Amino acid sequence: LACFLTFTPISSLGKEVTASSRHYVDRLFDPDPQKVLQGVIDMKNAVIGNNKQKANLIVLGAVPRLLYLLQQETSSTELKTECAVVLGSLAMGTENNVKSLLDCHIIPALLQGLLSPDLKFIEACLRCLRTIFTSPVTPEELLYTDATVIPHLMALLSRSRYTQEYICQIFSHCCKGPDHQTILFNHGAVQNIAHLLTSASYKVRMQALKCFSVLAFENPQVSMTLVNVLVDGELLPQIFVKMLQRDKPIEMQLTSAKCLTYMCRAGAIRTDDNCIVLKTLPCLVRMCSKERLLEERVEGAETLAYLIEPDVELQRIASITDHLIAMLADYFKYPSSVSAITDIKRLDHDLKHAHELRQAAFKLYASLGANDEDIRKKPILESGAVELLCGLTQSENPALRVNGIWALMNMAFQAEQKIKADILRSLSTEQLFRLLSDSDLNVLMKTLGLLRNLLSTRPHIDKIMSTHGKQIMQAVTLILEGEHNIEVKEQTLCILANIADGTTAKELIMTNDDILQKIKYYMGHSHVKLQLAAMFCISNLIWNEEEGSQERQDKLRDMGIVDILHKLSQSPDSNLCDK
């Protein structure tokens, strides 16, 4: 009743609610069951593709009545099925429609309907549940509230190709994170879904494949199980490889590549396995081609970035496969000309989502340049990526700033002096310091990471500090004085420790009493991480073998540093004590 009342402010609807809409709802209350059935069928025909009509019927209270009829024992199976079909059609309208259906507790009613012996009714309920669960406004937790639901859905998988398609789609949309993966895994998802990969129905094969991609993501337990599953005498990874061949639909190629990528990252498949090196990686590179749709290019680049992130050999292979670097440069020029896309709706959509392409390219640049100096120099630098990334650190979008600075940070890691100089020149010290005062914590942390990577190896430290020392010391001072969290201050102290490792650069610390007092302060801080980082600075300043070490030791002794070290040598923290 509460739900019905929520949607019946008839007087406020004005002209929006037509007499015909009211007529459809009135017929649901007819005492003659045959007329009710005909009324539901007519309503079904009236709402197909008509969002305005759907909204009117919801406001007039059609949903509670349809749910009542769906759950009534006296309703015929045909009537119940038609009610489920109309509810599914209403759910296909706007997100507000779905919210209205959820407010009327549609999910428990439909789940109850799955206990019926009638297959057509079960399929109609599942189709409606599929539509509701794939909506972004539906909390996936609603699938897991009743512990009997998942095992019952597993049992229904064998009933028809429609139950298989809809249930797999529900699972793939509602599996968010390790808890959901565990529930589905423990109820036999792998065994129940594996044989669907050889179904005669493309839609069933596709939804089963999507299920495996979400089950395997960052889940070693599921991934290790999948490697050994046999379907018709063939191991699952071999089936996935067949599904990513060029003659298969793009959606199938991409999803199969994701399954193999996730299994590889979870440790179930070796990174040098042929199915990764010769099949998965080239498939994902193909997805980055400008012939592909925007969504496919984004997904391809992001999945490839995830695959190669920890493995230098895969990074090398990717960097020389099918002109990948040149393809990525195109991500930033998109769409290059209006004439290339004749479909105006597609052009409008792509213009709105072009930033997703840039973000995906950042992730892939960051992964490609994460571990290997040669790759960083090859096409990445030649393709003008440094200028591009530096320019995008000025974006108003925080996510783009983070990805831009992250890619630069990876590029600077163990890089040669020329690359570091290129980065500093392209970024400019003004922009570097703007980023160091960025309100977004991720941007600040990645900028500190970049600075730390730039200030590594003595000749580089001395060179950079000779030209930018004054500004860098100012920035360090500001951060150490500011209201920042432990991680930010720890990174900043590590930067100071790197500067202290320089041959001439360390004098910028020794001649700055303010900075020395700050190091002393953090040695006595209550947080061990900050104490360790501060002691790292001291350690680099007093190294005996280096020229001027005695004078530096004398100055620090006069400041009372030795007394603090004596006190810290009694610390209960073993790391602190040893240092």
Side-chain angles (χ1 to χ4, degrees), residues 1-29 36-37 39-72 75 79-114 121-143 145 149 162 165-167 169-170 172-174 176 345 349 352:
L1 182 62
C3 179
F4 180 72
L5 292 174
T6 308
F7 297 102
T8 52
I10 308 291
S11 58
S12 66
L13 294 171
K15 294 175 185 174
E16 284 299 306
V17 179
T18 62
S20 66
S21 300
R22 196 173 290 114
H23 175 63
Y24 285 121
V25 178
D26 290 344
R27 290 170 70 192
L28 300 182
F29 292 88
V36 173
L37 175 61
V40 175
I41 292 169
D42 290 347
M43 185 183 281
K44 174 181 72 176
N45 294 330
V47 296
I48 292 172
N50 189 335
N51 276 350
K52 189 175 178 183
Q53 184 71 281
K54 289 176 186 180
N56 287 345
L57 291 170
I58 288 172
V59 170
L60 285 166
V63 176
R65 183 63 183 171
L66 287 167
L67 285 171
Y68 173 79
L69 295 170
L70 180 122
Q71 295 174 91
Q72 268 296 91
S75 296
L79 174 59
K80 289 180 178 182
T81 305
E82 292 293 350
C83 287
V85 171
V86 174
L87 288 163
S89 189
L90 294 176
M92 281 182 181
T94 64
E95 289 183 2
N96 278 337
N97 288 9
V98 178
K99 285 180 186 170
S100 302
L101 293 170
L102 291 172
D103 288 341
C104 290
H105 308 293
I106 189 171
I107 289 179
L110 291 170
L111 291 173
Q112 189 66 28
L114 298 181
F121 179 46
I122 288 172
E123 287 174 349
C125 288
L126 281 172
R127 194 180 305 114
C128 187
L129 282 165
R130 180 271 312 266
T131 306
I132 289 168
F133 274 119
T134 54
S135 166
V137 300
T138 307
E140 48 277 348
E141 282 303 328
L142 293 174
L143 184 68
T145 312
V149 169
Y162 295 112
E165 179 192 337
Y166 304 146
I167 290 170
Q169 202 169 352
I170 289 167
S172 62
H173 272 272
C174 295
K176 304 275 197 259
K345 274 190 176 176
H349 168 272
K352 286 175 183 164

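Fair warning: this is a prediction, and the values are worked out from it, not measured in the lab. What you see below is based on every heavy atom in this structure, not just the backbone, and it leaves out hydrogens, waters and symmetry mates. We number each residue from 1, following the sequence as shown.
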Contact summary for L90 and V47, nearest pair of heavy atoms: CD2-CG1, 4.3 Å
From H173 atom NE2 to Q169 atom CD, the distance as rounded to the nearest 0.5 Å: 5.5 Å
Gap between atom NZ of K54 and atom CD1 of I48 - 0.5 Å precision: 8.5 Å
Heavy-atom pair with the smallest gap, counting every atom of Q53 and S21: OE1-OG, 2.6 Å
Heavy-atom closest pair, residues C125 and G113: SG-CA, 4.1 Å
Greater than 12 external heavy atoms within 6.0 Å of F133's CZ: yes
Crowding at CD, Q72 (>12 non-hydrogen neighbours, <6.0 Å): yes
Verdict with reasoning, Y162 to R127, per side-chain contact (heavy atoms from CB on, under 4.5 Å): CA-CA 8 Å; Y162 295 112; R127 194 180 305 114; 5.5 Å; no
Residue pair L66, L70: steps toward the side-chain contact (heavy atoms from CB on, under 4.5 Å) verdict: CA-CA 6 Å; L66 287 167; L70 180 122; over 6 Å; no
Worked check of side-chain contact (heavy atoms from CB on, under 4.5 Å) between L114 and L129: CA-CA 10 Å; L114 298 181; L129 282 165; 4.0 Å; yes
Smallest separation among heavy atoms of C83 and V40, with atom names: N-CG1, 3.9 Å
Derivation and outcome, side-chain contact (heavy atoms from CB on, under 4.5 Å), residues T145 and I107: CA-CA 11 Å; T145 312; I107 289 179; over 6 Å; no
Taking every non-hydrogen atom, the tightest pair across M43 and Y24: CE-O, 3.7 Å
Student check: side-chain heavy atoms of R65 and V25 closer than 4.5 Å: no
Polar side chain donor-acceptor pair, N97 to S100, under 3.5 angstrom: no
Rounded distance [0.5 Å steps], CG in L102 versus CD in E95: 11.0 Å
Approximate separation, where rounding is to 0.5 Å, of C128 SG and L87 CG: 5.5 Å
Per-pair distances, 0.1 Å, donor-acceptor, side chain in residues 134-141, under 3.5 Å, sequence neighbours excluded:
residue : atom : partner : partner atom : Å
T134    : OG1  : R130    : O            : 2.8
T134    : OG1  : T131    : O            : 3.1
S135    : OG   : V137    : N            : 3.3
T138    : OG1  : I132    : O            : 2.6
E141    : OE2  : H180    : NE2          : 2.8

Considering all heavy atoms, the nearest L28-L69 contact: O-CD1, 4.2 Å
Gap separating the CG atom of L79 from the CZ atom of F121, nearest 0.5 angstrom: 9.5 Å
Distance in Å, L60 CG paired with H23 NE2, rounded so as to fall on 0.5 Å steps: 13.0 Å
